Structure formats: structure tokens, C-alpha cells
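These notes concern the structure reproduced below.
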Amino acid sequence: KGITYTNRISSDDPKKNIVLSNSVFEDGMERASSTSQFVGIDLNNRGFPVIVYFAGDCIRVARVNADYPKGKESYWKVQRAVTKNYSMNYVTYVDCEVDSSGYLHIVFVNTSGELVYIKSTNNPSDGSKYTFAEPEVVTDGSPSCIDITTRGVTPYIACISSINAVDGLT
């Protein structure tokens, strides 16, 4: 994205793994006892990590308010992206992308096998909380191997599906 990043966590760093305590979770959430196998990660326009994953019963966004979050739990906050009342028991795939204006785009496959898209309605660059529009179903048919990228502020979503697709690509 044209930004040079320094002082990032490296593979030889003994403090690379941080276990977050319940104090960093917002929206009444706590650490979950189960998560899906998939995670999306990108950097916001200031180079702060934004991580999207499914845990418990919702899509979560872990965000940082510092360029150098190494070993510092206090720099992290975790929030909901999709509320509990959206019917999800489990999410099989999730990915995210921050666009050139700083808006967070998230795609995931829900329990019903629908590819769902959600976009933030704000673009914080300081690690503060995102707000989100209502989720939109993009397609059904249990897609897999999803990916999202943006060009400017326009999202492009690809997935593999065997229903209504040529060679499985949608």
C-alpha cells in the first residue's frame, strides 16, 4: 500500500503470541472457547493490523491502536462486526480487506452456506471502533476458498462454488 513498516513482530520474537484477556473485548463479549479455522488480516491506512475471525457466535474484529503492538495487550481491542441476532452458528470461511479510504470490507460464509458481505460505515485510522452496515448475502450454494481485494474503494470478491458457476469460480 506504499507504506514502509518497521518494528513488526518477527518469527524469532519470543513475545509474538499474545493471549488476550477479557478486558480487551467490547460489546459484552469475552474470550471464546471455540473459533473457526479461518482468519482475515490487513493493515489500516496507518499500518495498524486489523484481524477478522469468527469465534463464539459472531464475526469479531481485533484492532490495534499502535504501530508497534509487540507484546502489548493494552494496544488491542476486539469488537463485534456482525451482531448475535444474525443467524450464525458457525462460519466456515472469513476474509477482510481495508480499502484505500480506510473502510473495512468483510466476507464470510455463514451456517446457511451463504456468502455474506459487510462493510464498515466509518474508517478509523487510530485503532478506534469500526461501525458496520447490515450484512448482505452475495450468493448461496456453500462457496469456499473466498478472497476479497479492493481497487480504490471497490471490493472484488472471489469464491469457489460448484453451483451456477463455470469451473467453480464465482
Side-chain angles (χ1 to χ4, degrees), residues 1-6 8-9 26-27 32 35-67 69 76-170:
K1 294 187 179 190
I3 302 172
T4 302
Y5 301 101
T6 58
R8 293 288 178 205
I9 299 170
E26 300 174 329
D27 305 322
T35 62
S36 72
Q37 314 174 46
F38 301 93
V39 63
I41 185 170
D42 201 5
L43 303 173
N44 73 11
N45 291 348
R46 286 188 52 193
F48 299 169
V50 178
I51 301 168
V52 176
Y53 64 104
F54 176 79
D57 60 357
C58 64
I59 299 292
R60 298 176 180 210
V61 177
R63 59 191 201 282
V64 172
N65 63 4
D67 185 46
W76 291 88
K77 289 292 181 187
V78 180
Q79 70 171 90
R80 289 182 196 279
V82 179
T83 61
K84 268 186 172 181
N85 59 12
Y86 189 79
S87 62
M88 288 186 297
N89 294 324
Y90 193 75
V91 167
T92 53
Y93 300 95
V94 65
D95 197 14
C96 70
E97 179 86 5
V98 177
D99 69 26
S100 61
S101 292
Y103 291 91
L104 178 60
H105 302 258
I106 300 171
V107 291
F108 61 92
V109 178
N110 67 14
T111 308
S112 302
E114 300 167 321
L115 178 64
V116 181
Y117 168 78
I118 186 170
K119 178 185 174 185
S120 68
T121 57
N122 66 337
N123 55 350
S125 61
D126 60 358
S128 59
K129 192 172 185 173
Y130 285 96
T131 56
F132 292 94
E134 287 298 312
E136 299 176 40
V137 174
V138 176
T139 189
D140 56 11
S142 299
S144 62
C145 300
I146 63 173
D147 195 15
I148 185 170
T149 191
T150 57
R151 181 176 185 183
V153 296
T154 304
Y156 294 87
I157 303 167
C159 65
I160 301 296
S161 176
S162 59
I163 299 174
N164 296 324
V166 177
D167 294 329
L169 183 62
T170 303

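Here the structure is a predicted model, which means the values were calculated and not measured.
- Pro135 and Val116 make their closest contact through CB-CG1, 3.5 Å (heavy atoms, listed as atom of the first residue, atom of the second, distance).
- Between Val82 and Cys58, the closest side-chain pair of non-hydrogen atoms is not below 4.5 Å.
- Thr131 is linked by a side chain to side chain donor-acceptor pair (under 3.5 Å) to Thr121, Asn122, counting only residues two or more places apart in sequence or in another chain.
- Annotation: side chain to side chain donor-acceptor pair (under 3.5 Å) contacts of Ser125 (sequence neighbours excluded): none.
- Interatomic distance, CD of Glu97 versus NZ of Lys119, reported as 12.5 Å (0.5 Å rounding).
- Screening residues 113-137 for ring-ring contact (aromatic ring centres under 6.0 Å, His included), with sequence neighbours left out, gives His105-Tyr117.
- Looking at Asp95, its side chain does come within 3.5 Å of a backbone N or O of Ile148 through a donor-acceptor pair.
- By the ring-ring contact (aromatic ring centres under 6.0 Å, His included) test, Tyr53 pairs with no residue at all, sequence neighbours left out.
- Closest non-hydrogen pair, Ala62 versus Val78, comes out as CB-CG2, 4.0 Å.
- Taken to the nearest 0.5 Å, the CD1 atom of Ile146 stands 11.5 Å off from the CD1 atom of Ile160.
- Screening Ile118, Ile59, Asp42, Ile41 for a side chain to side chain contact (heavy atoms under 4.5 Å, CB included) involving Val52 leaves a single residue, Ile59.
- Among all heavy-atom pairs drawn from Leu115 and Cys159, the shortest one is CD2-SG, 4.1 Å.
- Taking the side chain to side chain donor-acceptor pair (under 3.5 Å) definition, one finds that Asp147 meets it with nothing, sequence neighbours left out.
- Atom CZ in Phe48 sits 7.5 Å away from atom CG in Asp126 (nearest 0.5 Å).
- In this structure, the side chains of Val61 and Ile106 come closer than 4.5 Å at one or more pairs of heavy atoms.
- Contact of the Ser100 side chain with the Val153 side chain is registered, since non-hydrogen atoms from C-beta on lie closer than 4.5 Å.
- In this structure the side chain of Leu43 never reaches within 4.5 angstrom of the side chain of Val98, judged on heavy atoms.
- Gly40 approaches Cys96 most closely through the heavy-atom pair C-SG, 3.5 Å.
- Although no hydrogens or angles enter the test, the distance criterion places no donor-acceptor pair under 3.5 Å between the side chain of Arg63 and the main chain of Val50.
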Practice task
Test side chain to side chain contact (heavy atoms under 4.5 Å, CB included) on Val107 and Val138 and set out the steps.
Solution key: CA-CA 9 Å; Val107 291; Val138 176; 5.7 Å; no

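- The CZ atom of Arg60 lies 11.5 Å from the CD atom of Gln79; values are rounded to the nearest 0.5 Å.
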